[in-house]
Amino acid sequence: MNTAHTINTKKVLAVALLLALASSGTALAQRTQGSPAKSQQQAEAAAQAATANAEAARDSAQSARDATANAAAGYGPQTSMHASDAQDAANRSVNAAHDAHAAQDVAATGANPASGAAEASEAASAASAASAQAQQAAEAAVQASTPPAPAVPATPAVPAVAAKQQVNVTSIPPNSTLSTKVDFDSLDADRDGNLSRTEVGTDTTLAINFGRIDADHNGRISRKELAGGM
C-alpha cells in the first residue's frame with residue numbers, strides 16, 4: 001500500500017471517530033458528573049482518533065522528506081521549506097495525541113470522567129487539524145520538488161498537398177515519323193529538296209521544332225532529316 005493511500009485510510013478512520021465524538025463532546029464538557037462508562041468510551045474513541053491523525057501526520061512528514069531528498073537540481077530549498085512545515089505540523093499532531101491519551105487516563109481514573117472525555121475530544125480535534133496541515137505541506141513539497149512539465153506546442157496542421165502529376169511535354173510525339181504526316185513536296189516551294197524556315201512557316205509542328213529536326217544546323221530540313229529526326 002502506498003503512502004498516499006495509507007494517509008487517506010487513516011484520515012477516513014479519524015474523521016469517522018471524530019464525528020462520533022462531536023455528538024456528545026459538548027454535552028460532556030458541560031456536565032461535571034455523568035455516566036462514567038460513557039465518558040470513558042468517549043475518551044478512548046478520542047484518543048484513538050488522535051493517534052490515527054498523528055500517524056497520518058508522521059506519514060505526511062516522511063513523504064515531504066522523501067520529496068526533499070529526491071528534488072530536482074535547484075528545487076531543493078523550496079521543497080525543504082514545505083517539508084519543515086509538514087514536520088512542524090506532524091509534531092503538533094503527535095503532541096495533541098499525547099494530550100488526548102492523558103485526558104483518557106483522567107477519564108478512566110479521575111473523579112470527573114466527563115471532563116477528561118471533553119479534554120480528549122478537544123485534543124483529538126487539534127490532532128486532526130495539525131494532521132491536515134501536515135498533509136497539505138507534504139503535497140506542496142512534492143509539487144515543489146520537480147520542475148513543471150514543459151508546454152507541448154501544438155502541432156501545426158500540415159496542409160494537404162495535391163499530388164503533382166509529372167507531365168513530360170513534348171511538341172513532337174515520340175517514336176513517330178513526320179515524313180509520313182507532312183506533305184514535303186507541297187511545302188518545298190522552290191523544289192530544291194529542302195525545307196527552309198520560310199517554307200515550313202505554315203506547318204506549326206515543323207516551325208516549332210525546326211532546330212531539332214535540322215540535324216546539321218544548316219538552316220534547311222532535308223527529307224532524310226525529316227524522316228530520321230523523329
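Below, all heavy atoms of this structure are taken into account, side chains as well, without hydrogens, waters or symmetry copies.
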Can you see which heavy atom on Gly211 is nearest to which on His217, and at what distance?
O-CE1, 3.7 Å
Whether Ser60 side chain and Ala56 backbone form a donor-acceptor pair below 3.5 Å
yes
Could you work out, with side-chain contact (heavy atoms from CB on, under 4.5 Å) as the rule, every residue matching Ala72, not counting sequence neighbours?
Tyr75, Pro147
Asp203 side, atom CG; Asp183 side, atom CG - distance, nearest 0.5 Å
10.0 Å
Side chain to side chain donor-acceptor pair (under 3.5 Å) partners for Asn70, two or more places apart
none
Can any side-chain N or O of Ser115 pair as donor or acceptor with the backbone N or O of Asn112 at less than 3.5 Å?
no
Distance col, row Thr51:OG1 vs His98:NE2, nearest 0.5 angstrom, shows 8.0 Å
Nearest heavy-atom neighbours spanning Phe210 and Arg197:
CD2-CZ, 3.4 Å
Would you check if Glu44 and Gln40 make a side-chain contact, meaning some heavy-atom pair closer than 4.5 Å?
no
Between CD of Gln104 and CD of Gln42, what distance do you get to the nearest 0.5 Å?
11.5 Å
Got a sec, which residues hit side-chain contact (heavy atoms from CB on, under 4.5 Å) with Ser196, two or more places apart in sequence or on another chain?
Thr198, Glu199
Please enumerate all residues that pass side-chain contact (heavy atoms from CB on, under 4.5 Å) together with Ala141, with sequence neighbours excluded.
Ala64, Ala67, Thr79, His82
Under the side-chain contact (heavy atoms from CB on, under 4.5 Å) test, residues paired with Ser93 that sit two or more places apart:
Asn53, Ala54, Ala57, Ala127, Ala130, Ser131
Can you give me the closest heavy-atom contact between Gly116 and Ala103, atom names plus distance?
O-CB, 3.3 Å
If you take all heavy atoms of Ala50 and Ala124, which pair is closest and at what distance?
CB-CA, 3.9 Å
Please name all residues satisfying side chain to side chain donor-acceptor pair (under 3.5 Å) with Thr202, sequence neighbours left out, ordered by chain then number.
none
My understanding is that only residues two or more places apart in sequence, or in another chain, count here; which of them pass side chain to side chain donor-acceptor pair (under 3.5 Å) with Ser80?
none
Locate the shortest heavy-atom distance separating Ala61 from Ala90; write the atom from each residue and the value.
CB-CB, 4.0 Å
Are Ile213 and Leu187 linked, directly or through intermediate hydrophobic residues, by side-chain heavy-atom contacts shorter than 4.5 Å (ILVMFWY only)?
yes
Restricting to non-hydrogen atoms, name the atom on Ala47 and the atom on His101 that form the minimum distance, rounded to 0.1 Å.
O-NE2, 3.5 Å
Is a donor on one side and an acceptor on the other found under 3.5 Å between the side chain of Asp214 and the backbone of Asn218?
yes
Considering residues at least two apart in sequence or located in another chain, which fulfil the side chain to side chain donor-acceptor pair (under 3.5 Å) criterion with Asp185?
Arg223
Are Asn194 and Glu225 side-chain neighbours, meaning at least one heavy-atom pair lies under 4.5 Å?
no
Short side-chain to backbone donor-acceptor contact, Ser145 and Val142, under 3.5 Å
yes
Arg58 side chain near Glu55 side chain, heavy-atom distance below 4.5 Å
yes
